[in-house]
Amino acid sequence: MLTPAFFDRDCLEAAPELIGKILVMRAPDGTERRLRITETEAYRGETDTACHAHVGKTKRNEVLYMAPGTLYVYLCYGVHWLLNVITEKEGVPQGVLIRACAGAAGPGRLTKALGVTGALNRTMLGAGPLSIEDDGCRPEIVRLPRVGIGYASLEDQARLWRFADAKNHR
DNA sequence: TTAGTGATATCC
DNA sequence: GATATCACTAAA
């Protein structure tokens, strides 16, 4: 199982390494769901205009400033929960958005498939029902521009901070 | 292509 | 207090 130490570094290092890892969700009834991560995106601090933290700390995004391994679960468009894992040490607002898994394309569908909700916001990875495992899989990784960030500067939109399994994305 | 959905941030 | 915005999805 991945420990918080895995996330105690730059999101640009952690994000590509999460590709091929397994998201494990243990339901209260004991059942387990496992999905292999196929797509992530890096959100890197206040200087990244696509990152929620670029306007400074607010009540919503303060989770980004918390300790590495903390989960940031955010409700988008009133409908979809988006799952992020905080990277870098406390006080540095960085995170990795888990965008897609094998069999669940799209961040909203992913959380729905796993049963992730805002109840997990601010909880620590591994301390709650959700954890990530490494089964040794090292897929080929492609770098792509991030999506859904039209409000960011053109410069930041152009950054190749989206990472995907070369064989599993479309 | 467009409507839906509700928390959050920003503006009176 | 009110409105505008949004790291999306499903239906058409």
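Only a predicted model underlies this, so the values are computations on that prediction, with no experimental measurement involved. So that the names make sense, note that chain A is the first sequence line, chain B the second, and so on, each numbered from 1.
Among residues at least two apart or in separate chains, side-chain hydrogen bond (donor to acceptor under 3.5 Å, both in side chains) pairs with a member in residues 115-132 of chain A are A:Arg26-A:Ser131, A:Glu62-A:Arg122. Screening residues 65-78 of chain A for salt bridge (Lys or Arg N to Asp or Glu O under 4.0 Å) gives no qualifying pairs among residues at least two apart or on separate chains. For residues 86-103 of chain A, the set of pairs meeting the salt bridge (Lys or Arg N to Asp or Glu O under 4.0 Å) definition, not counting sequence neighbours, comprises A:Glu39-A:Arg99, A:Glu41-A:Arg99.
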Identify each donor-acceptor pair in which a side-chain atom of residues 142-149 of chain A lies under 3.5 Å from a protein atom, sequence neighbours left out, and give them as a table.
residue: A:Arg143; atom: NE; partner: A:Leu160; partner atom: O; Å: 3.4
residue: A:Arg143; atom: NH2; partner: A:Leu160; partner atom: O; Å: 3.0
residue: A:Arg146; atom: NH1; partner: A:Ala42; partner atom: O; Å: 2.9
residue: A:Arg146; atom: NH1; partner: A:Asp48; partner atom: OD2; Å: 2.9
residue: A:Arg146; atom: NH2; partner: A:Asp48; partner atom: OD1; Å: 3.2
residue: A:Arg146; atom: NH2; partner: A:Asp156; partner atom: O; Å: 3.3

Residues 102-112 of chain A side chain polar contacts: donor-acceptor under 3.5 Å, at least two apart:
residue: A:Thr111; atom: OG1; partner: A:Trp81; partner atom: O; Å: 2.7
residue: A:Thr111; atom: OG1; partner: A:Pro107; partner atom: O; Å: 3.4
residue: A:Thr111; atom: OG1; partner: A:Gly108; partner atom: O; Å: 2.9

Atom pairs under 3.5 Å: protein N/O with N/O of nucleotides 1-5 of chain C:
none

N/O contacts under 3.5 Å, protein versus nucleotides 8-11 of chain B?
residue: B:dA9; atom: OP1; partner: A:Thr58; partner atom: OG1; Å: 2.5
residue: B:dA9; atom: OP1; partner: A:Arg60; partner atom: N; Å: 3.2

Atom pairs, protein N/O to nucleotides 9-11 of chain C N/O, distance under 3.5 Å:
residue: C:dT9; atom: OP1; partner: A:Pro107; partner atom: N; Å: 3.2
residue: C:dT9; atom: OP1; partner: A:Gly108; partner atom: N; Å: 2.9
residue: C:dT9; atom: OP1; partner: A:Arg109; partner atom: N; Å: 3.4
residue: C:dT9; atom: O4'; partner: A:His80; partner atom: NE2; Å: 3.0
residue: C:dA10; atom: OP2; partner: A:Arg109; partner atom: NE; Å: 2.8
residue: C:dA10; atom: OP2; partner: A:Arg109; partner atom: NH2; Å: 2.8

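Shown for residues 10-21 of chain A: no residue has heavy atoms falling under 4.0 angstrom of DNA chain C.
Every ring-ring contact (aromatic ring centres under 6.0 Å, His included) that A:Tyr74 has, sequence neighbours left out, goes to A:His52.
Rounding to whole angstrom units, CD of residue A:Glu41 and C1' of C:dC8 are separated by 12 Å.
Residue A:Val24 shares its hydrophobic cluster (ILVMFWY side chains chained together at separations under 4.5 Å) with A:Ile22.
With a 3.5 Å limit on both pairing distances and Watson-Crick or G-U wobble geometry required, the stems of 3 or more pairs in DNA chain B span B:1-4 with C:8-11, B:6-11 with C:1-6.
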